[in-house]
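Worksheet: the structure to be examined is printed underneath.
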Amino acid sequence: IDFVCVYPKSGVKPGNYKVTFKGIGEYTGSVTKTFKINKVSLANRVVTLSTTTYTYSSNGVKPVPKVWGLTEGRDYTVVYVNNKNAAGAEDANAPSLYIKGKGGYTGTTKANPVKFTIEKAPLESLVTLKVDNILYKDKNNNFVTKFTLTEKTSGKKLAKGKDYDKVKYEYKLNGTYTEISSGKCPAEATALRITVYASENGNYSGSISTEYSFYTKQISKAKVQAIAAKEYNGQQVRPLPVVTMTVKNNGKTETVTLV
């Protein structure tokens, strides 16, 4: 042996390094040379998915790809494209992903993205429907109520025309529901039901329903008589006010006292 090589301890990551050759035996002195560690291109790496069909999520669908021999976060990052709306793998706006080199790797697989399908999510499983009970009024469309559709995970409110479109109303009388789209709902209805249908071009499918009801009187319309001052007695003072309300009874206006 005529020489030994002294390598840098840090010669692992891509970059420029120096190696020194030291003479031994009949040789003396040293020679230092520079060498380079190049990054490896990911352009031709094979990227796969365990399945290619996923269900819409309000936070976007992010499948975890498999890349043999590499670790996400250390060797590459994942870039998602068109992953926020329902679409098929064969569509022009197909959801897809590719990887981008990191650390000792460079380049991307953007030229050969992995495409997948995002299916619509059942409206009932991903959304809550909140409906207001309404004051009964003897007029047309008295069954129409205010409602909100809210995503359970993100809290985002759904938009009419984009996320849902058709709304169906029904009232319950003698144990049977009857659909109503105009006119007056009878005051005798024991319950009302609203069904909201997902928009055909949105990210949801199916429908969601809930019941609501009429109420006939509003306590906010009542009159409360002035409450007289009370003397201190060392205990909680709980005056009982006199509350009256004007109502219609058989076509006549009457004032009744609430109890």
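These numbers come from the heavy atoms of this one structure, side chains and all, not from hydrogens, waters or symmetry mates. When a residue number appears, it is its place in the shown sequence, counting from 1.
For the residue pair Glu188 / Tyr171, no side-chain donor-acceptor distance below 3.5 Å is found, with atom types taken as modelled. A donor and an acceptor atom, one from each side chain of Thr20 and Ser30, are nowhere located under 3.5 Å apart. Remark: the Glu151 side chain and the Ser58 side chain contain an N/O donor-acceptor pair separated by less than 3.5 Å. Between Asn82 and Asn93, the side chains place no donor N or O within less than 3.5 Å of an acceptor N or O (distance only, hydrogens not considered).
For the atom pair OH (Tyr177) and CD (Glu170), the distance works out to 7.5 Å, reported to the nearest 0.5 Å. For the atom pair CG of Leu126 and CG of Asn203, the computed distance is 9.5 Å after rounding to the nearest 0.5 Å. Here the CG-CG distance, from Asn201 to Asn85, works out to 11.5 Å after rounding to the nearest 0.5 Å. Annotation: the span from Gln235 atom CD to Arg238 atom CZ amounts to 11.5 Å, rounded to 0.5 Å. Interatomic distance, Asp91 CG to Lys115 NZ, rounded to the nearest 0.5 Å: 9.5 Å. To the nearest 0.5 Å, atoms CG (Leu149) and CG (Leu129) are separated by 5.0 Å.
Both Val144 and Ile208 are members of a single hydrophobic cluster when ILVMFWY side chains are connected at heavy-atom separations under 4.5 Å. Under the 4.5 Å side-chain heavy-atom criterion for Ile, Leu, Val, Met, Phe, Trp and Tyr, Val131 and Val127 are members of the same hydrophobic cluster.
The heavy-atom pair separating Ser182 from Asn141 by the smallest distance is CA-OD1, 3.7 Å. Tyr80 approaches Pro63 most closely through the heavy-atom pair OH-O, 2.6 Å. Between Ala86 and Tyr56 the shortest heavy-atom distance is N-CD1, 4.4 Å. Shown here for Ser209 and Thr195, the closest heavy-atom pair between the two residues is OG-OG1, 2.7 Å. Residues Ala43 and Asn112 approach most closely at O-ND2, 4.4 Å, considering heavy atoms. Residues Gly104 and Pro14 come closest through the heavy atom pair CA-CG, 3.6 Å.
Here the side chain of Thr150 pairs no donor or acceptor atom with the backbone of Lys157 at under 3.5 angstrom. For the pair Asp163 (side chain) and Ala159 (backbone), a donor-acceptor distance under 3.5 Å is present. Checking side-chain atoms of Thr109 against main-chain N and O of Ile99 turns up a donor-acceptor pair under 3.5 Å. Remark: the backbone N or O of Lys18 is not paired with any side-chain donor or acceptor of Thr34 at under 3.5 angstrom. Between the Asn133 side chain and the Ser213 main chain, a donor and an acceptor come within less than 3.5 Å of each other. At distances below 3.5 Å, not a single donor-acceptor pair connects side-chain atoms of Asn83 with backbone N or O atoms of Gly60. Put simply, the side chain of Asp132 never gets that close to the backbone of Ile134: no donor and acceptor are under 3.5 Å apart. With Lys13 contributing its side chain and Ile37 its backbone, the two residues share no donor-acceptor pair below 3.5 Å.
Taking the ring centre of Phe3 as origin, the terminal cationic atom of Lys22 falls outside the region bounded by 6.0 Å and 45° from the ring axis. With a 6.0 Å cutoff to the six-membered ring centre and a 45° limit on the axis angle, Arg193 does not count as a cation-pi contact of Tyr212.
Proximity of Asn59 to Ser154: side-chain heavy atoms (C-beta onward) are separated by under 4.5 Å at one or more points. At least one side-chain heavy atom of Val78 sits under 4.5 Å from a side-chain heavy atom of Pro65. Phe116 is listed as a side-chain neighbour of Val61, based on a closest heavy-atom distance under 4.5 Å. For the pair Ile1/Ile24, a side-chain contact is recorded, criterion being any heavy-atom separation below 4.5 Å from C-beta on. Between Thr77 and Lys100 the shortest side-chain heavy-atom distance falls below 4.5 Å. Side-chain contact between Val47 and Leu97: present, with at least one pair of heavy atoms (C-beta onward) separated by less than 4.5 Å. Inter-residue side-chain proximity for Leu135 and Phe214 is flagged as unmet; no heavy-atom pair is nearer than 4.5 Å. Under the 4.5 Å side-chain criterion, counting only non-hydrogen atoms from C-beta, Leu42 is not in contact with Thr108.
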Exercise. Would Tyr169 and Thr178 satisfy side chain to side chain contact (heavy atoms under 4.5 Å, CB included), going step by step from the backbone distance to the final call?
Worked result: CA-CA 8 Å; Tyr169 290 98; Thr178 301; over 6 Å; no
Exercise. Under the side chain to side chain contact (heavy atoms under 4.5 Å, CB included) criterion, do Tyr105 and Lys39 qualify, and how do the steps go?
Worked result: CA-CA 5 Å; Tyr105 298 87; Lys39 291 186 177 184; 5.9 Å; no
For this session: Show your working on side chain to side chain contact (heavy atoms under 4.5 Å, CB included) between Thr117 and Tyr54 and close with a plain yes or no.
Result: CA-CA 6 Å; Thr117 294; Tyr54 302 86; over 6 Å; no
Exercise. Do Lys184 and Asp138 pass the salt bridge (charged side-chain N to carboxylate O under 4.0 Å, His left out) test, and can you show the C-alpha distance, the side-chain angles, and the key distance before you say yes or no?
Worked result: CA-CA 7 Å; Lys184 301 177 184 178; Asp138 186 22; 3.4 Å; yes
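Ring centroids of Tyr164 and Tyr204 are separated by 6.0 Å or more, keeping the two rings apart.
By the neighbour-count criterion of 12 heavy atoms within 6.0 Å, atom NZ of Lys156 is densely surrounded, having more than that number from other residues, nucleotides or ligands. Applying the 6.0 Å contact sphere to NZ of Lys162 captures no more than 12 heavy atoms from other residues, nucleotides or ligands. In this structure, Asn44 places its CG atom where only 12 or fewer heavy-atom neighbours from other residues, nucleotides or ligands lie under 6.0 Å away. Counting heavy atoms of neighbouring residues, nucleotides and ligands inside a 6.0 Å radius, atom CZ of Phe147 exceeds 12 of them.
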